[in-house]
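For reference, the structure discussed in these notes is given below.
Order of the sequence lines sets the chain letters (A, B, ...), proteins ahead of strands, with each chain counted from 1.
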There are 2 protein chains.
Amino acid sequence: MGAAAKTSDAEIRAGARRLLELHGADGVSMAAVAEEVGVRAPSLYKRFASRAELLRAVTGELLGELQMAMEKAVREGEARGSLERMAARYRAFAKRNPRGYALIFTYDAEADMGARLASVGPLMGVLTTALGRERALPAARTLVAFLHGFLTMELQGLFQMGGSVEEAFRFGLATILDGLL
Amino acid sequence: MGAAAKTSDAEIRAGARRLLELHGADGVSMAAVAEEVGVRAPSLYKRFASRAELLRAVTGELLGELQMAMEKAVREGEARGSLERMAARYRAFAKRNPRGYALIFTYDAEADMGARLASVGPLMGVLTTALGRERALPAARTLVAFLHGFLTMELQGLFQMGGSVEEAFRFGLATILDGLL
DNA sequence: ACCTGAACACCGTTCAAGT
DNA sequence: ACCTGAACACCGTTCAAGT
């Protein structure tokens, strides 16, 4: 029999996420992750073929959590309420995982396309029911663009001209929802 | 007298931008930039204290170009037209400099805050004239959030559900402008 | 003054050798 | 089967030595 495993895929992802939020993406070195889980760097390659794949796995995990948050926001027959709850949960998710949220949009898309599409599923569902298949797509793109752009700027501290960021979020969301519904 | 300068700040920035668009931010290594301008890596440190500062200089240059593009979109007394031209120029700028555009929002903000604020100046001007000081700020944040989010997703190829991306852009922009003006 | 080779500490990654 | 030290090619950065 061989040596006992000292760690696991899930523990490695968790360590990588901890380092990501603490020290940014640059802080997620293979050596640092390895130390985080009590192993040497080369051992990580038994489970993840490269640093890029480890980061992709983290991205996939985050997208799964985002999708769950979006699903919880949906209530049958309450289009506007569902969209408002989605927006609030989306923002809360990004604030809980600021570096992780940035990672989702940093890493070359292509991969994870399945998880990406799945995470927008609930939104597409609500909009398709409310607006029909045809109008749902541009509506979803408008809403997601606003949410993503707003969160990126908020998390990076780019709202520096004073005023209430909270109010701007409510105002922007209401403006778009008024236009859509 | 000392050795003749083989390069310049501007040439180094240009080399960095070429590498950035060709091979991504990872491709902008000090050695690669040095080779691009016909010098060895240590020489770059005479002009830029670090790779981070070089990238910051590139960011500043890009922000200046973006600001100029925004200024050209403004016509007195044409709020909606000015905003539509701004949106079109913003998108064109991002498509001309896809990696550079991403860099602007990748690099830890803090620095370049002056250039950042300046680049939003024309937009704030138009909106302040049209809506008054109070309402201009959340309006600007809504519009910029939409533009940034949309471009990020478009450039990263995240609009994968078919349909016309062009139409979605027009639709989203019109929806927001209808709500603002 | 600017340029350079050599050196340092750090990466990601591979691999042969251990148990 | 998993873990490890050693090694490789590459980073960013510093610095003494060249002209």
Side-chain angles (χ1 to χ4, degrees), chain A residues 1-60 99-100 102-103 106-108 110-112, chain B residues 1-60 99-100 102-103 106-108 110-112:
Chain A
M1 74 189 64
K6 287 177 154 185
T7 184
S8 65
D9 284 34
E11 202 188 352
I12 292 169
R13 281 196 308 269
R17 285 179 65 169
R18 236 174 293 132
L19 288 168
L20 176 66
E21 294 301 343
L22 268 170
H23 304 113
D26 289 350
V28 187
S29 72
M30 295 302 265
V33 173
E35 188 176 16
E36 197 75 4
V37 303
V39 104
R40 302 289 181 170
S43 297
L44 299 178
Y45 291 83
K46 287 282 150 180
R47 300 169 188 283
F48 298 95
S50 65
R51 177 174 178 273
E53 192 170 302
L54 170 54
L55 290 177
R56 244 177 273 128
V58 168
T59 299
R99 308 278 199 164
L103 181 71
T106 290
Y107 241 60
D108 277 316
E110 308 224 1
D112 297 308
Chain B
M1 75 188 67
K6 289 176 155 184
T7 185
S8 66
D9 284 34
E11 202 188 350
I12 292 168
R13 280 197 307 269
R17 283 179 66 168
R18 236 174 296 131
L19 289 169
L20 177 66
E21 295 301 344
L22 268 170
H23 305 112
D26 289 350
V28 188
S29 72
M30 295 303 264
V33 173
E35 188 175 17
E36 197 76 4
V37 302
V39 103
R40 302 289 180 169
S43 298
L44 299 178
Y45 291 83
K46 288 281 149 181
R47 301 169 187 284
F48 298 95
S50 65
R51 177 174 178 273
E53 193 170 301
L54 170 54
L55 289 177
R56 244 178 271 127
V58 168
T59 299
R99 307 279 199 163
L103 181 71
T106 291
Y107 240 60
D108 276 316
E110 307 224 0
D112 299 307

Measure from [atom1] on [X] to [atom2] on [N] and round the result to the nearest Å.
X       : N      : atom1 : atom2 : value
B:Glu11 : C:dC2  : CD    : P     : 14 Å
A:His23 : C:dC10 : NE2   : C1'   : 16 Å
A:Leu54 : C:dC11 : CG    : P     : 15 Å
A:Leu44 : D:dG5  : CG    : P     : 13 Å
A:Glu53 : C:dG12 : CD    : P     : 15 Å
A:Glu35 : C:dG12 : CD    : P     : 13 Å
A:Tyr45 : C:dC11 : OH    : P     : 12 Å
B:Lys46 : D:dT13 : NZ    : P     : 15 Å

C:dT4 phosphate, OP1 or OP2, under 4.0 Å from B:Lys6 side-chain N/O: yes
Is the distance from OP1 or OP2 of D:dT4 to the nearest side-chain N or O of A:Ser43 less than 4.0 Å?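 Affirmative; the distance criterion is met.
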side-chain contact (heavy atoms from CB on, under 4.5 Å) test vs B:Phe48 passes for just one of B:Ile12, B:Leu55, B:Val33, B:Val58, namely B:Ile12
- Task: Just call it for A:Ser29: base, sugar-phosphate, or nothing, with non-hydrogen atoms closer than 4.0 Å on any strand.
- Result: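 Counting heavy atoms under 4.0 Å across all strands, the contact made by A:Ser29 is with sugar-phosphate only.
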**Asked** Where each residue is assigned the nucleotide of DNA chain C containing its nearest heavy atom, which of B:Pro42 and B:Ala5 is assigned the position nearer the 5′ end?
**Response**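 Nearest nucleotide further toward 5': that of B:Ala5.
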**Asked** Got a second to check how far A:Thr7's OG1 is from A:Arg13's CZ, nearest 0.5 Å?
**Response**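 Going from the OG1 atom of A:Thr7 to the CZ atom of A:Arg13 covers 10.5 Å.
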Note on DNA chain C: ranges paired as stems (three or more Watson-Crick/G-U pairs in a row, both atom distances under 3.5 Å) are C:4-8 with D:12-16, C:12-16 with D:4-8
Using the side-chain heavy atoms of [X], tell me which of these nucleotides is nearest: [options].
X       : options               : answer
B:Met30 : D:dG12, C:dT13, D:dC3 : D:dG12
A:Arg51 : C:dC3, C:dG12, D:dT14 : C:dG12
A:Arg40 : C:dG5, D:dC11, D:dG5  : D:dG5
A:Arg47 : D:dT13, C:dC2, D:dC2  : D:dC2

Do you know which two heavy atoms are closest between [X] and [Y], and how far apart they sit?
X       : Y       : result
A:Gly27 : A:Ala32 : O-CB, 3.7 Å
A:Ala41 : A:Ala34 : N-CB, 3.4 Å
A:Val37 : A:Glu11 : CG1-O, 3.6 Å
A:Leu19 : A:Glu36 : CD2-OE1, 4.0 Å

**Request:** May I ask you to test the A:Arg56-A:Asp112 pair for a side-chain heavy-atom distance under 4.5 Å?
**Result:**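 Yes; the side chains approach each other to less than 4.5 Å.
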